[in-house]
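Following: one structure in structure tokens, then a few remarks.
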Amino acid sequence: MSKYLIVGAGALGCLYAAELARAQQQVYLLVRDTQANIQTRELAYTRIDGTQESIQVQALDTPAWRQQAPTWAATFCGIILATKAQDALASVQALAPQLPPQVPVLLLQNGMGSQQAVAQYLGGQHLVLAASVTEGAYLKAPFSPVHAGRGVLRLGAFDPEQTKAQDAAQAWVRTWPTAHLKCIYAQDIHPWLWQKLAINAVINPLTLIYNCPNGELMQHLPQVRLLVEELQTLLQSLAIQLPCTDLQTCVQEVIQATAGNISSMLQDQRAGRPTELAYISAYVLACAKQVGLTLPAHVRLYQQAQACLAIKD
Ligand code: KPL
């Protein structure tokens with residue numbers, strides 16, 4: 001039995017907690033709302049086939065982690081950081097300095113920029129892994145995850161040159177204890193991170209400005225195509241080759257495969273939470289600026305998305 005620490009009780013954090021616990025692993029879920037003790041917490045889990053299960057995990061908060069960590073932290077086989085991108089760095093800072101460098105930290109964040117910030121903060125001693133996750137999940141209520149669509153957790157060393165992190169990524173996949181959530185090793189995770197970023201940079205802000213489920217974007221195909229074309233230009237300038245052969249097809253396939261979904265950005269906006277716009281659209285625009293591109297369709301979309309968020313606030 002291995003011990004995992006999962007940071008963040010959002011949809012993905014609770015989904016991984018539930019499935020790892022079902023696979024007889026010891027799961028500790030770092031949450032914001034418990035007292036400083038470790039407490040048993042029930043997850044009301046809805047599996048992919050619609051069956052419901054009550055799963056027990058151990059919940060703790062940061063003070064409890066700090067209290068236990070000196071004798072305890074090194075016994076974890078891995079830490080899964082399942083927070084929103086904007087919370088990733090602060091969450092890691094709260095765990096450190098009791099974060100043993102030999103325990104791999106897996107970053108599940110959407111977009112880009114937060115992984116760089118965490119890796120820089122932790123420094124080269126730590127084993128930082130990054131993942132692109134395509135599982136469909138949402139919370140029906142707090143601690144009530146629903147596994148809505150099968151996907152994959154693709155992970156690799158955030159720094160592909162760091163041999164120890166590469167070894168840790170391979171070991172993570174080799175010892176991954178549940179076939180219910182697929183886990184695949186990527187020798188270079190960055191093209192996968194970029195592919196997810198590109199998909200999110202089109203779908204998420206568009207669903208925000210049109211206030212619609214993903215599938216309705218099929219009614220805005222000329223705009224989708226233009227946004228993808230600009231991304232293709234950017235990727236070419238950055239010499240990034242995506243895993244998919246054609247980004248236009250890939251984006252439209254995701255729109256169709258997730259037609260009934262409310263994108264994470266629209267969900268955040270509707271719930272009055274901060275969005276990941278800075279790690280998606282703003283990151284794309286910042287990269288474009290660095291190589292002397294402007295991407296007018298993305299600039300316009302970013303401004304419209306910002307306006308939507310300002311109205312909501
Ligand atoms: O990743 C997503 C998100 O909502 O953040 C997509 C793929 C767009 C699915 O909704």
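Residue numbers count from 1 along this sequence. Computed from a predicted model, the values in this text were never measured in an experiment. When a ligand or atom number is given, it counts from 1 through the structure's own listing order.
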Which of the ligand 1 atoms, numbered from 1, are nearer than 4.0 Å to a heavy atom of Ser263
4 (O), 10 (O)
Report the nearest protein non-hydrogen atom to atom 4 (O) of ligand 1: residue, atom name, distance rounded to 0.1 Å.
Ser264 N, 2.8 Å
Separation between CG (Leu29) and CZ (Phe143), nearest 0.5 Å, reads 6.0 Å
Whether Lys164 and Asp159 form a salt bridge (side-chain N of Lys/Arg under 4.0 Å from carboxylate O of Asp/Glu) is what I want to check.
no
Pairs of nitrogen or oxygen atoms closer than 3.5 Å, one from Asn204 and one from ligand 1: do any exist?
yes
Examine Asn200 against ligand 1 and note whether any of their N/O atoms are separated by less than 3.5 Å.
yes
Measuring only between side-chain heavy atoms, which start at C-beta, is Arg270 closer than 4.5 Å to Asn211?
yes
Report the distance from atom CD of Gln303 to atom SG of Cys308, rounding to the nearest 0.5 Å.
12.5 Å
Ligand-residue contact atoms, ligand 1 with Asn110, heavy atoms, under 4.0 Å
5 (O)
Options Ile203, Asn214, Thr258, ranked by nearest heavy atom to atom 10 (O) of ligand 1, top entry
Asn214
For ligand 1, which atoms sit closer than 4.0 Å to a heavy atom of Lys196?
1 (O)
Quick one: do Tyr45 and Glu19 satisfy side-chain hydrogen bond (donor to acceptor under 3.5 Å, both in side chains)? Show the steps, please.
CA-CA 9 Å; Tyr45 179 38; Glu19 282 292 353; 2.7 Å; yes
Tell me whether the rings of His220 and Tyr210 are parallel (<30°), tilted (30 to 60°) or perpendicular (>60°).
parallel
For a salt bridge (Lys or Arg N to Asp or Glu O under 4.0 Å) check, start with the C-alpha distance between Glu135 and Arg150, then their side-chain angles and the critical distance, and finish with the verdict.
CA-CA 5 Å; Glu135 297 290 352; Arg150 269 190 212 289; over 6 Å; no
Under-4.0 Å heavy-atom contact with ligand 1, by part of Met265 that carries it
neither
closest protein heavy atom to atom 7 (C) of ligand 1 is Val254 CG1, 3.8 Å
